[in-house]
Q: 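Dropping a structure here in structure tokens format, bear with me for questions.
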Protein chains: 2
Amino acid sequence: MSKLDESLLSGLPPFSRLGRPQIREILDLAVPRRYDTGSAIFREGAEAERFYLLLDGVIRVIRTTPTGEQIIALHIAPGQLFGIAPALQRDTYPATAMAAADCVALSWPVRLWHGFTAKYDGFATESYRTVGERLGEMQTRIVELATKAVEQRVAAALLRMANQTGRKTEEGIEITFPITRQNISDMTGTTLHTVSRLLSAWEKEGLVKSTRKHVVVTAPHRLMMLCGAVD
Amino acid sequence: MSKLDESLLSGLPPFSRLGRPQIREILDLAVPRRYDTGSAIFREGAEAERFYLLLDGVIRVIRTTPTGEQIIALHIAPGQLFGIAPALQRDTYPATAMAAADCVALSWPVRLWHGFTAKYDGFATESYRTVGERLGEMQTRIVELATKAVEQRVAAALLRMANQTGRKTEEGIEITFPITRQNISDMTGTTLHTVSRLLSAWEKEGLVKSTRKHVVVTAPHRLMMLCGAVD
DNA sequence: CGAGTCCTTGAGGTGAGTCAACTCGTGTGG
DNA sequence: CCACACGAGTTGACTCACCTCAAGGACTCG
């Protein structure tokens, strides 16, 4: 098996302050793996054995209710750590991580976490920054869910995805991973029907373009108006 | 000014592994203060200058939307750290902390945070456990808001408060701090009218007793049925 | 070409928000 | 000590945004 190249990590925040030899050490301990679209990397409630770094693809973090509904807590973009339960002293994963597109991720056994934070300058700092950002994002979502109407929530969800993992094209900002109306409704606590109606209406007004499993935001500023500012 | 007694901290998780001399050091750096009901300890967006430990009372963590609505993100019970923005590498507070009852809290300047985590065994660990728990709680709330009907959300909110800060009495579990219908609606993303109707109905059925700014859960198990299990 | 997803659109019902009017309890000030 | 004001809570009537139910169309893959 060929060695992983150091350039994989050198630009990423948790590792940016480290030298090549240190990155080499870390890489030599990592297990790389590919995950097909739709497969689970780990499941809610399972023992937290490893923590992960996403190199490519998109991860969808999902929580399931006792009654079987599922809601999408957040998406994770390449370059981010995930499954960092150990950082929070948890021994099980709080949610399921699923590959929203084909993904490649590195992983390490949790027992290395403590050593990483102690040994590598900036690793702990940057990891906790990530946690802080996610916490902030979750607070924002709580506020949205509690105060905004469905239309605004869907608009906000689209914009968030466009910002986090979007790619600029001449048509607008394209959401780079496959996404169904059902997925969007799982993010916003509504139904696929309502999402479908909204997207249809927005398409007529030229705010978005969508095809099967694929959305492009063509007029982000106008969408932003819709969701009552913020984010 | 009389010195703070070491017993204030010795039982609390973040400090439980420390010896008396270490606790003495920490206390000598702390600034104790009293906060009247309704006053703000710090405000959303303000520069994070200090972090806090609640000794007595209850803190309400609030986020305000651009349109002026406010929602209650969580409550904090005595013995917990709060305003720990520095732990997450934030330089501003992500939400407002308000005294839901008369409170007493210690605080330290953020520049000490790093030293605390480095010097005191268990401090970092326990602090991050707290963060992890709050993150989990927020996820649960997102799921609730997204999937549950208003009735279930209100039931869940009451139970959560009863669990976290409730006191057992012969009548049932009493929520120990003043709480209005408006407050409850701010937690659950509904209106004070709806909460009022629900509480009235529940009172008739013997699930709760409530007076002005005061709620006692008399039949927690039956409430739990209502909210469709979980928490 | 058939089966499985994914998406669309209509019709109808309803949970919970809005509007409005009133009561009750508490604290304040003349 | 009364009255008055204000905040908190109650309750009814109305309305509408969104869900549910239902049917059918379109794309994709084996």
Side-chain angles (χ1 to χ4, degrees), chain A residues 36-38 60 65 67-72 100-102 144-158 175 177-205 208-216 226-228, chain B residues 36-38 65 67-72 100-101 144-158 175 177-205 208-216 226-228:
Chain A
D36 287 329
T37 304
R60 188 168 280 155
T65 68
T67 56
E69 294 130 310
Q70 58 179 45
I71 86 111
I72 298 176
D102 291 352
E144 273 177 23
L145 282 166
T147 65
K148 292 187 178 176
V150 166
E151 182 178 48
Q152 304 177 305
R153 302 209 299 267
V154 174
L158 285 183
I175 293 172
F177 55 93
I179 183 152
T180 66
R181 324 278 138 153
Q182 174 76 63
N183 292 153
I184 298 176
S185 70
D186 286 342
M187 278 176 250
T188 51
T190 177
T191 61
L192 76 161
H193 308 277
T194 301
V195 172
S196 176
R197 283 185 238 270
L198 285 172
L199 287 182
S200 297
W202 289 342
E203 180 132 21
K204 278 202 191 83
E205 304 192 8
V208 303
K209 287 207 172 199
S210 69
T211 57
R212 182 170 240 250
K213 290 188 166 202
H214 189 83
V215 179
V216 181
L226 262 187
C227 70
Chain B
D36 287 330
T37 304
T65 68
T67 56
E69 295 131 309
Q70 58 178 44
I71 85 112
I72 297 176
E144 273 177 25
L145 283 166
T147 66
K148 291 187 179 177
V150 166
E151 182 178 49
Q152 304 176 308
R153 302 209 298 264
V154 174
L158 285 182
I175 293 171
F177 55 96
I179 183 150
T180 66
R181 322 280 138 152
Q182 173 77 62
N183 293 153
I184 298 176
S185 69
D186 287 342
M187 277 175 251
T188 50
T190 178
T191 62
L192 74 162
H193 309 278
T194 301
V195 172
S196 176
R197 284 186 239 267
L198 285 173
L199 286 182
S200 297
W202 290 343
E203 181 131 22
K204 278 202 192 82
E205 303 192 9
V208 303
K209 289 207 172 199
S210 69
T211 58
R212 183 170 238 253
K213 291 189 168 199
H214 190 84
V215 179
V216 180
L226 263 188
C227 71

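Chain letters run A, B, ... following the sequence lines, proteins first and then strands; every chain starts at 1.
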Q: Quick one: label S210(B) by what it contacts on the DNA or RNA (base, sugar-phosphate, nothing), any heavy atom closer than 4.0 Å.
A: nothing

Q: L198(A) has an atom CG; how far is it from atom P of dC7(C), in whole Å?
A: 14 Å

Q: Locate the shortest heavy-atom distance separating L226(B) from Q152(B); write the atom from each residue and the value.
A: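 In this case the closest contact between L226(B) and Q152(B) is O-CG, 3.6 Å.
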
Q: Record whether the side chain of R197(A) comes under 3.5 Å of the base of dT8(C) through a donor-acceptor pair of N or O atoms.
A: no

Q: Which angle, rounded to 10°, do you find between the first-five-pair axis and the last-five-pair axis of the helix from dC1(C)-dG30(D) to dG30(C)-dC1(D)?
A: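 Inter-axis angle at the ends, rounded: 30°.
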
Q: Between dA16(C), dG4(C), dT9(C), spot the one nearest the side chain of A149(B), thanks.
A: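 Shortest atom-to-atom distance from the side chain points to dA16(C).
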
Q: Please confirm whether the backbone N or O of L192(B) pairs with a side-chain atom of S196(B), one donor and one acceptor, at under 3.5 Å?
A: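 No, because the side chain of S196(B) does not come within donor-acceptor range (under 3.5 Å) of the backbone of L192(B).
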
Q: Let me know, please, whether V150(A) or R181(B) comes out on the 5' side of the other along DNA chain D by nearest nucleotide.
A: R181(B)

Q: Would you tell me if any nitrogen or oxygen in the side chain of S200(A) comes within less than 4.0 Å of OP1 or OP2 on dT9(C)?
A: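 Answer is yes, contact under 4.0 Å.
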
Q: Return yes if a side-chain donor-acceptor contact under 3.5 Å exists between T188(B) and T190(B), otherwise no.
A: no

Q: Looking at D36(A), is its backbone amide N or carbonyl O close enough to the side chain of D102(A) to form a donor-acceptor pair, meaning the two atoms are under 3.5 Å apart?
A: no

Q: Given 3.5 Å as the limit, does a donor-acceptor pair link the side chain of R181(B) with the main chain of H193(B), or not?
A: no

Q: Walking along DNA chain D from 5' to 3', note the first and the last nucleotide with an atom under 4.0 Å from a heavy atom of chain A, and give both.
A: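 With heavy atoms of chain A under 4.0 Å away, the range is dC18(D) to dT28(D).
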
